Amino acid sequence: MKGVVPAAGKGTRLRPLTDERPKGLVEVDGRPILTHVFETLLEAGVDELLVVVGYRKEAIVDRYGDAYAGVPISYLHQREQRGLGHAVSLAEPHVDGPFVVLNGDNVFRGGIGPALERVESTDAEGALLLEGVDPEAARETGVVDVEDGQVREIVEKPDDPPSRLVTTGCYVLPPEIFHALALAQPSDRGEYELSEAVGLLARAGRRVDAVRLPGERININAPEDVERAEQLVD
């Protein structure tokens, strides 16, 4: 299975750590965030990496070259920051079956294997790895409406969250997601949201399962998150 890693953002909230380097090369416990992401994917069985780069992309290419731990890397250049959905759409020419998306700013403890296993061992066409949060945190991210274990809709930053289950930046998706992305409309921010495309898949009758995160994860957005992530992997 191929792994798509969106890592094109500027990481403005991580400044000054990102003044001279891309977010993915900020270190957690002595290693770049992207190294943690790659290892999480490899542990889950991914055998090819597709890394979406943008801001200071040369630094990422120079750091990792054309392979990590023997697994080949291809780089996809996102010239404009047009959202996660747009970043994922760049992988379409390289994907011919189910694939996993793992955001390039998340550090996991416990792995992501259950999401991949769900698609590989059942009739599910896709799977989202989810975690439970308090209502306040749910209002700040993508909240997932789940019915009978399946994803029905993802609502971005809702005032009245339909659940307390939120996305973790890990999506196992069928190639049909690219058609859904082509149909998706830009958000109020002018970005193409992967969450809208996943919702389109679900409404079209595709089976996308909700899978609970087996461990913990830290989404690294601010300098204090680096310290939290270091405690997680220590």
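The structure displayed is predicted, hence computed values, not measured ones.
Taking each heavy atom of A138 and P158 in turn, the nearest pair found is O-CD, 3.7 Å. Contact between G104 and V5 at its shortest, heavy atoms only, is CA-CG1, 3.8 Å. Minimum heavy-atom separation, I220 to K23: O-CE, 2.8 Å.
Of the candidates I218, L213, L41, L213 is the only one forming a side chain to side chain contact (heavy atoms under 4.5 Å, CB included) with F108. With V144 as the partner, the side chain to side chain contact (heavy atoms under 4.5 Å, CB included) test is satisfied by one option alone out of T167, V155, V208: T167. For the pairing with N219, the side chain to side chain donor-acceptor pair (under 3.5 Å) check across D225, N103, T168, N106 returns one residue only, N106.
Side-chain N or O atoms of R139 include one that pairs as donor or acceptor with a backbone N or O of D159 at under 3.5 Å. Side-chain atoms of Y75 come within 3.5 Å of backbone atoms of G65 as a donor-acceptor pair (strictly under, hydrogens ignored).
T35 and Y64 share a side-chain donor-acceptor pair at under 3.5 Å.
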Requested in this report: Would you please test V53 and E58 for side chain to side chain contact (heavy atoms under 4.5 Å, CB included) and show each step?
Outcome: CA-CA 9 Å; V53 294; E58 297 84 0; over 6 Å; no
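Residues D134 and R164 form no side-chain contact, since every pair of their non-hydrogen atoms from C-beta on lies 4.5 Å or further apart. With a 4.5 Å cut-off on side-chain heavy atoms, E156 and E196 do not count as touching.
Taken together through direct or relayed side-chain contacts under 4.5 Å among Ile, Leu, Val, Met, Phe, Trp and Tyr, F38 and V107 form part of one hydrophobic cluster. In the hydrophobic clustering of this structure, L194 does not group with Y192; members are Ile, Leu, Val, Met, Phe, Trp, Tyr whose side-chain heavy atoms approach within less than 4.5 Å, directly or through other members.
Under a 4.0 Å N-O distance rule, the pair D209/R207 qualifies as a salt bridge.
Under the 30°/60° scheme for interplanar angles, the aromatic rings of F99 and F178 are found to lie parallel.
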